[in-house]
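Everything below concerns the one structure shown next.
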Amino acid sequence: QVQLVESGGGLVQAGGSLRLSCAASGSISSINAMGWYRQAPGKQRELVANIINYGSAYYADSVKGRFTISRDNAKNYVNLQMNSRRVEDTAVYYCNARSSSWDRDCWGQGTQVTVSA
């Protein structure tokens with residue numbers, strides 16, 4: 001019903017910045033929340049940040065103060081501005097969309113983000 005396409009991944013030096021974008025298409029009116037997850041080698045996928053319809057954003061403690069999540073007014077784009085990148089931020093980042101009417105979450109294909117020392 002919904003397709004998510006991420007863009008903006010790449011390589012950045014420690015301390016640098018990257019901006020990820022996720023475009024949602026399809027039945028976007030059913031989306032209740034969108035966010036970003038990441039999965040590093042040997043680690044479980046973890047929530048980085050999300051934003052709720054008509055609500056405020058949530059950030060994991062590890063990225064609070066460094067990352068900023070935002071959505072456009074139509075709720076069909078979600079962005080993640082990542083500043084002060086650390087090597088530990090290296091992971092595949094996945095866009096996520098959630099709806100109370102879905103059986104499961106919708107995921108993008110993932111985009112690789114690498115932070116070099």
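Residues Arg71 and Met34 are in side-chain contact: their nearest non-hydrogen atoms beyond the backbone lie under 4.5 Å apart.
Nearest approach of Ala97 to Trp102, heavy atoms of both residues: O-CZ3, 3.3 Å. Across Ser17 and Ser84, no two heavy atoms sit closer than the pair OG-N, 4.3 Å.
Side-chain atoms of Gln39 and Gln44 form no donor-acceptor pair, as typed in the model, at a separation below 3.5 Å. No side-chain N or O of Gln81 forms a donor-acceptor pair with one of Asn79 less than 3.5 Å apart.
Qualifying side-chain hydrogen bond (donor to acceptor under 3.5 Å, both in side chains) partners for Thr68, counting only residues two or more places apart in sequence or in other chains: none. With sequence neighbours left out, the side-chain contact (heavy atoms from CB on, under 4.5 Å) criterion links Ala49 to Tyr59, Ile69, Leu80. Under the rule for a salt bridge (charged side-chain N to carboxylate O under 4.0 Å, His left out), the partners of Lys64 that lie at least two apart in sequence or sit in another chain are Asp61. In this structure, Thr111 has no side-chain hydrogen bond (donor to acceptor under 3.5 Å, both in side chains) partners at least two apart in sequence or on a different chain. Shown here are the side-chain contact (heavy atoms from CB on, under 4.5 Å) partners of Ser101, two or more places apart in sequence or in another chain: Ser30, Ser99. Partners of Arg86 by side-chain contact (heavy atoms from CB on, under 4.5 Å), not counting sequence neighbours, listed by chain and number: Arg66, Glu88, Asp89. With sequence neighbours excluded, the residues forming a side-chain hydrogen bond (donor to acceptor under 3.5 Å, both in side chains) with Ser116 are Gln13, listed by chain and number. Partners of Asn50 according to the side-chain hydrogen bond (donor to acceptor under 3.5 Å, both in side chains) rule, which considers only residues two or more places apart in sequence or in another chain, do not exist here. Annotation: side-chain contact (heavy atoms from CB on, under 4.5 Å) contacts of Ala14 (sequence neighbours excluded): Val115.
Here the straight-line distance linking atom CG of Leu11 with atom CD of Gln112 works out to 9.5 Å at 0.5 Å rounding. To the nearest 0.5 Å, atom CZ of residue Arg85 and atom CG of residue Asn83 are 9.5 Å apart. The CD1 atom of Ile31 lies 8.0 Å from the CG atom of Asn76; values are rounded to the nearest 0.5 Å.
In this structure, the side chain of Asn32 engages the main chain of Ser100 through a donor-acceptor pair within 3.5 Å. Remark: side-chain polar atoms of Gln3 are not paired, donor with acceptor, to backbone N or O of Ala24 under 3.5 angstrom.
Here disulfide (SG to SG under 2.5 Å) pairs that include residues 83-117, with residues two or more places apart or in two chains, are Cys22-Cys95. Residue pairs meeting the salt bridge (charged side-chain N to carboxylate O under 4.0 Å, His left out) criterion with at least one partner in residues 10-34, sequence neighbours excluded, do not occur; the list is empty.
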Please lay out, stage by stage, how Met82 and Val113 fare under the test side chain to side chain contact (heavy atoms under 4.5 Å, CB included). CA-CA 10 Å; Met82 305 181 292; Val113 174; 4.2 Å; yes
One pair to check against side chain to side chain contact (heavy atoms under 4.5 Å, CB included): Leu20 and Trp36. What are the steps and the verdict? CA-CA 9 Å; Leu20 303 182; Trp36 289 94; 3.7 Å; yes
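Grouping Ile, Leu, Val, Met, Phe, Trp and Tyr residues whose side-chain heavy atoms lie under 4.5 Å apart, directly or via other members, places Val92 in a hydrophobic cluster with Tyr37, Leu47, Tyr58, Tyr94, Trp107.
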